[in-house]
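Step one of this worksheet: look at the structure below.
Residue numbers begin at 1 in each chain, while the letters A, B, ... track the order of the sequences.
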Amino acid sequence: MENKESTDKNTSLNFLEQIITKDLAEGKHGGRVHTRFPPEPNGYLHIGHAKSICLNFGLASKYKGKCNLRFDDTNPTKEEQEYVDSIKEDVRWLGFDWEDREFYASDYFEQLYEMAVFLIKKGKAYVCEMTGDEIAAGRGTPAIPGRLSPWRDRPVEESLGLFERMRLGEFPNGKKVLRAKIDMASPNMHMRDPVMYRIMHASHHRTGDRWCIYPMYDWAHGQSDYLEKITHSVCTLEFEVHRPLYEWFLDALEITGDRPRQHEFARLNLSYTVMSKRKLLELVKEGYVSGWDDPRMPTISGLRRRGYTPASIRVFSDKVGVAKRENVIDLALLEHCIREDLNRNAPRVMAVLDPVKLVIENYPAGQVEELQAIRNPEKPEEGHRIVPFSRTLYIERSDFMEDPPKKFFRLSPGNEVRLKYAYIIRCESVVKDEEGRIMEIRCTYDPETRSGMGSTRKVKGTLHWVSAGHAVEAEVRLYDRLFSVENPDDVSEGESFKSHLNPDSLQVVKGLLEPSVREAAPGDRFQFERTGYFCVDKDSKPGVPVFNRTASLRDSWARINK
RNA sequence: UGUCCUGUGGUGUAAUUGGCAACACGUCUGACUCUGGAUCAGAAGAGUCCAGGUUCGACCCCUGGCAGGACAACCA
């Protein structure tokens, strides 16, 4: 029974793996598996792209194949070198290696041009002189067939000549296009004589001004796959309707042997998150966030800055799975993945984010003890850190209650708790200001109970603390979900997704931390004891470190309390 | 009143290709702890969109519905 289950787990393949396994078994592609990750360099990568990256590179490595990085740079007006650089950085950071296979659709412009000439000669493409509006109008609607272009049956030689002159720059933008001659009555809109080339007098981030005609996605993509000998061209569901066209071009080019096949999977959606580049760009441009790498953004760079690890994102992508049905993944799963990673790997540090002073009346003024605290209980081999202890400390305001309910195990008048790594203390009295706000908690300690002394006394609660005279002040940014509703895209007519922005998604507090964080460098991650996981921000200044909250610890007391 | 795709616990993914549904997240109990985190133990929660059919037997096959999504850029 147990054996059966474990075998099941091992043999349980997702649908793409099943396709590949079958292809391999049938001897397709000569036993090769070759995938590609093909971003357009028109923005920053987000967690949805991470899924695609993990999928494509993961499939390749699982089946001992290769995965290319290919920039789909066929629209110079939207693309920039900055994006190319950030994409490369993000893919690398995620832990994937495309080796020497960094390709660009723009590398194939010449070959694509030759292929187009071939199609014209075969009578399968023609130069059309209708305006954009005319083409759109002539295409019809999904239910109504389109009309034939008046240029559809012009002589091959004429199209050939015109196409060459398009390339030479003799015509202004929009004056002519090259269209595939397919079927204006097809129920599939993409088959109604799709545009293959448009005239764009724009300089390209890689080819400069060498070209003024640029291939459309459908024309460039499949052919690029073919030229790179891709076996499995994996893309998202919205390209499903493009597949017949993808096949048509390959057929028209009379490619009969080993050709790429397109397969679609459902893109990732995350609750409390928007994923479209357009919307993310809007948040950036209109200043709702500080930039593409704002720690609240679902971009790879945002998650990185927030403190997510590459491994946690890879694990997430794995747990999310692949299928063809639309999905909305619970943000809690992503959070679970980073907690799991950081709980195991992040060193601990004590921090007080909402401090209240605590004075130990019977502890000698001026005395300082250097206590040993374990760096990471999950990794004892990492040893200890030193934490100074003194008469005046700060504890978390929420760790004290004057009138505690039954199951409150923290500090309250007359009650005892342990200060982590230090002593058992008892609360003797509280000092308040005129408004009744607690200003100071007065305690006594039991000198026999220092950690490691082997005291057998038991208390129900343990508090974390920081020595007032030694604490390091830090800016601590507490992040919460960017949107306050599960599906921000679900808006009523005329409303914007921005109406669902969470006004409390960022709260900045001044925290007090144990002095060991002085050595922390940007990118370092910690678990603040009893609080959550934090990452040192890239903008951190030497004197006052800046921390981003990666995730909070689950507060069971809050759960009991509610 | 077009074509294509998809419907399995709250969420996501499985089910050896026909043998009465498993795993993960989440939720809820409890135990333990020098963090009430972590860990450990346990529970609730779907009978697989609906209706027929084939079959000894259907999440899986067939028929017909229904629901959701994609597609009408010289974007990708």
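Regarding Trp219(A), its CH2 atom lies at a distance of 14 Å from the P atom of A76(B), rounded to whole Å. Atom CG in Asp193(A) sits about 16 Å away from atom C1' in A73(B), given to the nearest Å. With rounding to whole Å, Met130(A) atom CE is found 14 Å from A72(B) atom C1'. Rounded to whole Å, the distance from CE on Met189(A) to P on C75(B) is 16 Å. Rounded to an integer number of Å, the gap from CD of Glu529(A) to C1' of C34(B) is 10 Å. One can place CG of Asp318(A) at 13 Å from P of C25(B), the figure rounded to the nearest angstrom.
Among the heavy atoms of the strands, none lies under 4.0 Å from Phe316(A). Across all strands, His464(A) comes closer than 4.0 Å to no nucleic acid atom at all (heavy-atom distances). Note on Gln527(A): a base of the nucleic acid sits closer than 4.0 angstrom, heavy atoms only. At a threshold of 4.0 angstrom between heavy atoms, the contacts of Val320(A) are confined to the sugar-phosphate backbone, with no base atom among them. Within 4.0 Å (heavy atoms only), Pro41(A) reaches no atom of the nucleic acid at all. Gln18(A) comes within 4.0 angstrom of a base, heavy atoms only. Across all strands shown, Ile135(A) has heavy atoms under 4.0 Å from base atoms, whether or not it also approaches the sugar-phosphate. Arg410(A) comes within contact range of at least one nucleobase, with a heavy-atom separation under 4.0 Å.
Residues Tyr445(A) and Tyr363(A) bring their aromatic ring centres within 6.0 Å. The aromatic ring centroids of Phe163(A) and Tyr126(A) lie 6.0 Å or more from each other.
Base orientation of G26(B): anti (glycosidic angle beyond 90° from 0).
Between the side chain of His190(A) and the base of A73(B) there is no donor-acceptor pair of N/O atoms closer than 3.5 Å. The base of G2(B) has none of its N or O atoms less than 3.5 Å from a complementary donor or acceptor on the side chain of Asn188(A).
Between A21(B) and A44(B), the distance separating the two P atoms is 15 Å to the nearest Å. With C1' as the reference atom, A76(B) and G19(B) are 47 Å apart, rounded to whole Å. On the C1' atoms, G52(B) is 30 Å away from A70(B), given to the nearest whole Å. Here the separation of U13(B) from G7(B), taken at their P atoms, is 9 Å to the nearest Å. For G18(B) and C62(B), the P atoms lie 12 Å apart once the distance is rounded to whole Å.
Every residue two or more places apart in sequence or in another chain that forms a side-chain hydrogen bond (donor to acceptor under 3.5 Å, both in side chains) with Asp90(A) is listed here: Arg304(A).
For the pair Arg70(A) and Phe103(A), the cation does not sit on the ring face, since its NZ or CZ is not both under 6.0 Å from the ring centre and inside 45° of the axis.
Pairing each heavy atom of Ser516(A) with each of Arg385(A), the nearest pair is OG-CD, 4.1 Å.
A donor-acceptor pair shorter than 3.5 Å cannot be found between the side chains of Glu378(A) and Asn376(A). Gln223(A) and Tyr246(A) form no side-chain donor-acceptor contact under 3.5 Å, judged by distance and modelled atom types alone. A donor-acceptor pair shorter than 3.5 Å cannot be found between the side chains of Glu529(A) and Gln527(A).
Side-chain N/O atoms of Arg554(A) include one lying less than 4.0 angstrom from OP1 or OP2 on U27(B).
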**Request:** Under 3.5 Å for both distances, Watson-Crick or G-U wobble, that's the pair rule; now give the dot-bracket for RNA chain B, with | marking pairs to another strand and [ ] for crossing ones.
**Result:** .((((((..((((.....[..)))).(((((.......))))).....(((((..]....))))))))))).....
